[in-house]
Amino acid sequence: MNQVEELLKIVEEAQAGGNVVVVTGKPGSGKSKVLREAAEIKKWTYVDCRMLISEDFLKIEARDRGLYAPDMFAEILSTYNADVIILDRLQTLFVPVFHINVDSLMRKLSKQFTIITA
């Protein structure tokens, strides 16, 4: 079984409970490639996390961004009308000036979507 097939199987199991599937690996190991291939095969929504950082988000005072991020990002992702969302480049959200608690964000988003991230 190749990496994409393995990911597809894991996501099918995760979909039952609305979970977060985290793909890990060293830089350059092919995580994004696997995510893109899975998205293409299953017609899942693929989102580069950099696209979640909108002008509206940046207008919020830095200390308040963490409070608004979950609702803002959920609203953006809901426009895709998808049950499964692939969030690539998650490291973008860890930038200190964004003040995002990524664990809390993933927990909230996983109530609405099955999230696959790297």
Side-chain angles (χ1 to χ4, degrees):
M1 181 179 306
N2 70 31
Q3 291 176 323
V4 175
E5 291 169 340
E6 190 174 331
L7 175 62
L8 296 177
K9 182 180 177 197
I10 291 167
V11 173
E12 282 180 22
E13 293 169 4
Q15 281 183 283
N19 289 298
V20 177
V21 175
V22 180
V23 177
T24 61
K26 295 178 181 180
S29 64
K31 299 178 298 294
S32 293
K33 181 179 184 234
V34 168
L35 294 180
R36 284 191 301 274
E37 286 181 29
E40 187 174 319
I41 290 168
K42 296 298 260 181
K43 305 298 184 228
W44 289 332
T45 300
Y46 177 93
V47 178
D48 185 315
C49 284
R50 295 176 293 187
M51 303 307 292
L52 297 174
I53 307 302
S54 65
E55 285 186 41
D56 288 338
F57 179 75
L58 295 174
K59 287 179 185 176
I60 298 169
E61 286 192 48
R63 70 175 189 275
D64 294 334
R65 289 177 182 155
L67 299 172
Y68 292 98
D71 291 331
M72 290 182 81
F73 295 171
E75 186 176 324
I76 292 167
L77 296 176
S78 69
T79 64
Y80 291 104
N81 295 317
D83 294 331
V84 177
I85 305 281
I86 295 177
L87 293 177
D88 200 8
R89 302 184 194 278
L90 188 69
Q91 70 271 18
T92 302
L93 304 182
F94 285 92
V95 174
V97 297
F98 294 155
H99 297 276
I100 297 172
N101 180 323
V102 177
D103 179 53
S104 176
L105 174 66
M106 292 298 109
R107 287 176 195 265
K108 181 158 187 166
L109 293 178
S110 70
K111 291 179 182 175
Q112 248 181 296
F113 315 98
T114 298
I115 301 289
I116 307 166
T117 189

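Predicted, not measured: the structure shown is a model, and the values here were computed from it. Computed over heavy atoms, backbone and side chain alike; hydrogens, waters and symmetry mates excluded.
A tilted orientation is assigned to the rings of Phe57 and Phe73, their planes being inclined by 30° to 60°.
With hydrogens and angles disregarded, no donor-acceptor distance shorter than 3.5 Å links the side chain of Lys59 to the backbone of Ser54. A donor-acceptor pair under 3.5 Å is absent between the side-chain atoms of Lys31 and the main chain of Val23, judged by distance alone. Not a single donor-acceptor pair under 3.5 Å links the side chain of Thr45 to the backbone N or O of Ile85. Side-chain atoms of Asn19 come within 3.5 Å of backbone N or O of Ala14 as a donor-acceptor pair.
Residues Val20 and Ser110 approach most closely at CG2-CB, 3.6 Å, considering heavy atoms. Minimum heavy-atom separation, Thr92 to Val95: O-CG2, 3.1 Å. When all heavy atoms are compared, the tightest approach of Ala39 to Tyr46 is CB-CB, 4.1 Å. Closest heavy-atom contact between Thr117 and Leu35: C-CD1, 4.4 Å. Closest approach of Leu93 and Ile100 over heavy atoms only: O-CB, 3.7 Å.
Between Lys42 and Val11, the closest side-chain pair of non-hydrogen atoms is not below 4.5 Å. Using a 4.5 Å heavy-atom cutoff, the side chains of His99 and Glu61 are not in contact.
We find the CE-CG distance between Met106 and Asn101 to be 10.0 Å, quoted to the nearest 0.5 Å. Distance check: Ile116 CD1 to Leu8 CG gives 8.0 Å after rounding to the nearest 0.5 Å. The SG atom of Cys49 sits 11.5 Å away from atom CD1 of Ile86, with the distance rounded to the nearest 0.5 Å. Here CD1 of Ile115 is found 4.5 Å from CG of Leu87. Values are rounded to the nearest 0.5 Å.
With respect to the salt-bridge test (charged N to carboxylate O, under 4.0 angstrom), the residues Glu37 and Lys33 qualify.
More than 12 heavy-atom neighbours from other residues, nucleotides or ligands sit within 6.0 angstrom of CZ on Arg36. Other residues, nucleotides and ligands contribute at most 12 non-hydrogen atoms within 6.0 Å of the CG atom of Asp83. By the 6.0 Å contact criterion, CD on Glu40 is open, its count of non-hydrogen atoms from other residues, nucleotides or ligands being 12 or less.
Among residues at least two apart or in separate chains, salt bridge (charged side-chain N to carboxylate O under 4.0 Å, His left out) pairs with a member in residues 65-81 are Asp71-Lys108.
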